[in-house]
Amino acid sequence: MRFPSFIGFIHPRLAVVVHDLLMVWLAWYATNELRFSFMPDAPEVRLFSVEIPVVLGAQALVLWWTGLYRGLWRFASFQDLWNIARAGAIGSLVIALGLFLFSRLEGVPRSVLLIYPLTLLVFLGLPRMVYRQWKDNRYGGAGPAQRVLVLGAGRAGESLVRELKRENRFLPVGFLDDKRQLRGAKVHGVPVLGTLDNMSELAREVAADMLLIAMPSISNQQMQRVVELCEATGLQFQTVPRLQDVVEGRSSFNQLKEVAIEDLLGRAPVALDWTAIRTGLTGRKVLVTGGGGSIGSELCRQIARLGVESLSVLDSCEYNLYRIEQELRAEFPDLIFRAVLGDCGDAAAIEHAMAQGNPQSVFHAAAYKHVPMLEQQWREAVRNNVLSTQTVALAAIRHEVENFVLISSDKAVNPTNVMGATKRIAEMLCQSLARDSATRFITVRFGNVLDSAGSVVPLFREQIQRGGPVTVTHPEITRYFMTIPEACQLILQAAALGQGGEIFALDMGEPVRIRYLAEQMIRLAGKQPDKDIPIVYTGLRPGEKLFEELFHEQESYQPTSHAKIMLAQPRELPRASLEQALHGARQAVLRYDEPALEQFLRQLVPEYSSGTSRDAAVSPIHRAS
């Protein structure tokens, strides 16, 4: 029982060295035995000959010098075999030199020195390869490899199969590709079996356990078709990251992941004028308000990547501010980063952030945005979305900020809710200030972003994890969606385009039915809508409408130099009237006079037609099955 314990004290590297020296000894002996076996009356080959110490010492030094012991047998490769071959050839020369100095090569045939490197390659390489094969087949007790069908026989599929064969976690049994000319071809020995339309049939024929989607550059409509075909097989499926995620460094090329809702609802990658964006930001000082939120934090990441001189981030949430600070300090150690914990409505906090960071550009992303919640919070909605915007904007003018970008919302168009009305007034404020100041005020308006805090995607995900039901307000309700990175990139592009006073609206593509979104998220979770996870329709919430708009009918819009960004014609409002109304709103906020604030919203935004008074907004939500 003591012997295994003793073995445990032997260092694995030492065990490998001992093994290799033993193999060198045996290789030398076998080579001599082979050589002398062809000679009649040959002398007896002794296992313990006088030259063995020279052979072992010389070969050991060469094996160490070639770096053979830096590798692991578990991952032995052709590179290791090459190192062994190189070590054998060089070792033979060093052994010859040593034996020449030791005994003038007496009794050592020259042919032994030629055959020895090949013998050593077998004696050292074969055990390594056998050990790796044994470990690969065992998987540490995890069972046999999963049989996988790879969808897409292009460059991504070829790279993925090469990686899978190296890791041996999966066994590729075939490709599927819609290019019929590839039918019957082989990639790394794996045949192209047919097209995607034959997926269910072919998956059964080859007994596939899993499907791997290797088509990173297909459109989202094409991805929807592929996912539907995968779901019809009943097999688990994963995908490689989208090409844009790989290019931007968010994922590695062969990193498999679950298909996400972004893969189905996002759009094709947006072509940006990065030269103009960099010109506007590289080497400059930037302030982002609300920089810990979903949009604000991604803006910070992209701004930091553009090489700004300094980045100041103001946020009222301590944890969000801490999180983005830790992330950016780790990823951009040379960036001058300033974290300011405070409220945008606190004039002293804004003044401190401006004086400390001396920004040339301000991105105002701080806002309250949850529509049903704000229907019951008139005071906070006006205070944070309107008056805080005024506080930050006036401070930007005082500190001679060059450009101020307001992050707005499609809910500001024909608003039916408090959130949209307050954002519309914030837009009007920035347009008014742009007329009489050197600071360029630019407004960027867009719709929902996928997976942002408080949005429908994390809500649905949580409901699905609980087993349902998934709650949708109305079967016909639609919303515009884009990914957070895409929204932030277009914000930066619009900022580069703006000259002051513009309202830019981002092209959000086609609106998406929330019912479809819920159904797809349920399917991606491996469940069936209305079978495993019910969908319940709860009725429209206060302030909610069936569809959103990007432009008011009086804002006849025109294209810009960027295909995904449109320019709305601003509607003028006398500055004096606006300032007087804002002064009254500030006094109403101090008195917590919500009826006065409701009147303020309806006065400045005539199209605001909530259909619910302040009292009605707090009534229970009607639920319909």
Side-chain angles (χ1 to χ4, degrees), residues 280 284-290 296 299 312 314 343-355 357-368 381-409 412-413 415 420-446 491 494-505 552 554-555 567-587 589 600-601 603-606:
R284 298 167 71 82
K285 302 171 185 178
V286 179
L287 167 65
V288 178
T289 68
L299 268 176
S312 300
L314 184 143
D343 191 308
C344 289
D346 184 348
I350 296 300
E351 192 67 25
H352 171 73
M354 292 283 185
N358 192 26
Q360 296 162 288
S361 297
V362 172
F363 291 84
H364 184 48
Y368 290 146
V382 172
R383 186 194 66 79
N384 194 54
N385 290 4
V386 178
L387 301 180
S388 293
T389 300
Q390 183 185 34
T391 299
V392 179
L394 293 177
I397 293 174
R398 287 195 304 274
H399 287 267
E400 299 180 348
V401 171
E402 295 180 17
N403 60 311
F404 180 103
V405 180
L406 170 68
I407 312 301
S408 189
S409 166
V413 181
T422 56
K423 294 301 286 185
R424 174 58 194 143
I425 296 176
E427 292 181 354
M428 295 160 61
L429 169 66
C430 290
Q431 291 173 314
S432 174
L433 293 175
R435 293 197 294 267
D436 303 315
S437 68
T439 300
R440 298 194 302 274
F441 284 89
I442 301 159
T443 296
V444 181
R445 184 190 288 167
F446 58 92
I491 289 170
L497 291 174
Q499 299 299 314
E502 300 99 338
I503 294 180
F504 291 110
H552 188 273
Q554 297 178 13
E555 295 176 335
L567 177 64
Q569 299 301 316
R571 290 170 284 160
E572 302 291 336
L573 181 73
R575 181 169 180 176
S577 300
L578 178 60
E579 289 180 347
Q580 182 179 359
L582 289 172
H583 177 74
R586 196 172 291 275
Q587 297 303 311
V589 164
F600 161 74
L601 293 180
Q603 173 189 348
L604 288 187
V605 190

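Only heavy atoms go into these numbers, but all of them, side chains included; no hydrogens, no water, no symmetry mates. Residue numbers count from 1 along this sequence.
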Atom pair [atom1]/[atom2] of [X] and [Y] - distance to nearest 0.5 Å:
{"X": "Ile491", "Y": "Leu299", "atom1": "CD1", "atom2": "CG", "value": "5.0 Å"}
{"X": "Phe441", "Y": "His364", "atom1": "CZ", "atom2": "NE2", "value": "10.5 Å"}
{"X": "Ile407", "Y": "Thr443", "atom1": "CD1", "atom2": "OG1", "value": "9.0 Å"}
{"X": "Asn358", "Y": "His399", "atom1": "CG", "atom2": "NE2", "value": "8.5 Å"}
{"X": "Asp343", "Y": "Ile350", "atom1": "CG", "atom2": "CD1", "value": "8.0 Å"}
{"X": "Ser432", "Y": "Leu578", "atom1": "OG", "atom2": "CG", "value": "5.0 Å"}

How far apart are the closest heavy atoms of [X] and [Y], and which atoms are they?
{"X": "Leu604", "Y": "Met428", "result": "O-CE, 3.6 Å"}
{"X": "Phe504", "Y": "Ala494", "result": "CE1-O, 3.6 Å"}
{"X": "Ser312", "Y": "Gly357", "result": "OG-CA, 3.7 Å"}
{"X": "Gln431", "Y": "Ile503", "result": "NE2-CD1, 2.9 Å"}
{"X": "Leu314", "Y": "Ala349", "result": "CD1-O, 4.2 Å"}
{"X": "Phe404", "Y": "Cys430", "result": "CE2-SG, 3.9 Å"}

Side-chain heavy atoms of [X] within contact of [Y], under 4.5 Å:
{"X": "Gln390", "Y": "Leu582", "answer": "yes"}
{"X": "Ser388", "Y": "Arg383", "answer": "yes"}
{"X": "Tyr368", "Y": "Thr422", "answer": "no"}
{"X": "Val444", "Y": "Val405", "answer": "yes"}
{"X": "Leu601", "Y": "Arg424", "answer": "no"}
{"X": "Leu387", "Y": "Thr389", "answer": "no"}
{"X": "Phe600", "Y": "Ile425", "answer": "yes"}
{"X": "Leu394", "Y": "Leu433", "answer": "yes"}

Test side-chain contact (heavy atoms from CB on, under 4.5 Å) applied to Phe363 and Val286, step by step: CA-CA 8 Å; Phe363 291 84; Val286 179; 3.8 Å; yes
Can you check whether Ile397's main-chain N or O pairs, donor with acceptor, with Glu400's side chain at less than 3.5 Å?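 No, Glu400 side chain to Ile397 backbone: no donor-acceptor pair under 3.5 Å.
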Test your reading of the model: is there a side-chain donor-acceptor pair from Thr391 to the backbone of Ala347, 3.5 Å cut-off?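 No; zero donor-acceptor contacts below 3.5 Å.
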Test salt bridge (charged side-chain N to carboxylate O under 4.0 Å, His left out) on Arg398 and Glu351 and set out the steps. CA-CA 9 Å; Arg398 287 195 304 274; Glu351 192 67 25; 3.0 Å; yes
Are Glu402 and Arg284 ion-paired here, with the side-chain N under 4.0 Å from a carboxylate O?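 Salt bridge flag = yes for Arg284 with Glu402.
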For Asn385 and Lys423, what are the C-alpha separation, side-chain angles and deciding distance, and is it a side-chain contact (heavy atoms from CB on, under 4.5 Å)? CA-CA 6 Å; Asn385 290 4; Lys423 294 301 286 185; 4.1 Å; yes
Do we see a donor-acceptor contact under 3.5 Å between the side chains of Glu427 and Ser408?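 A donor-acceptor contact under 3.5 Å links the two side chains.
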With a 6.0 Å cut-off (strictly less than), is the heavy-atom count around CD of Gln580, excluding the residue itself, greater than 12?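 For Gln580, atom CD is not crowded (no more than 12 foreign heavy atoms under 6.0 Å).
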Can Arg445 and Leu406 be said to form a side-chain contact (heavy atoms from CB on, under 4.5 Å), step by step? CA-CA 8 Å; Arg445 184 190 288 167; Leu406 170 68; over 6 Å; no
When you look at Leu429 and Val386, which way does the side-chain contact (heavy atoms from CB on, under 4.5 Å) test go after all the steps? CA-CA 8 Å; Leu429 169 66; Val386 178; 5.7 Å; no
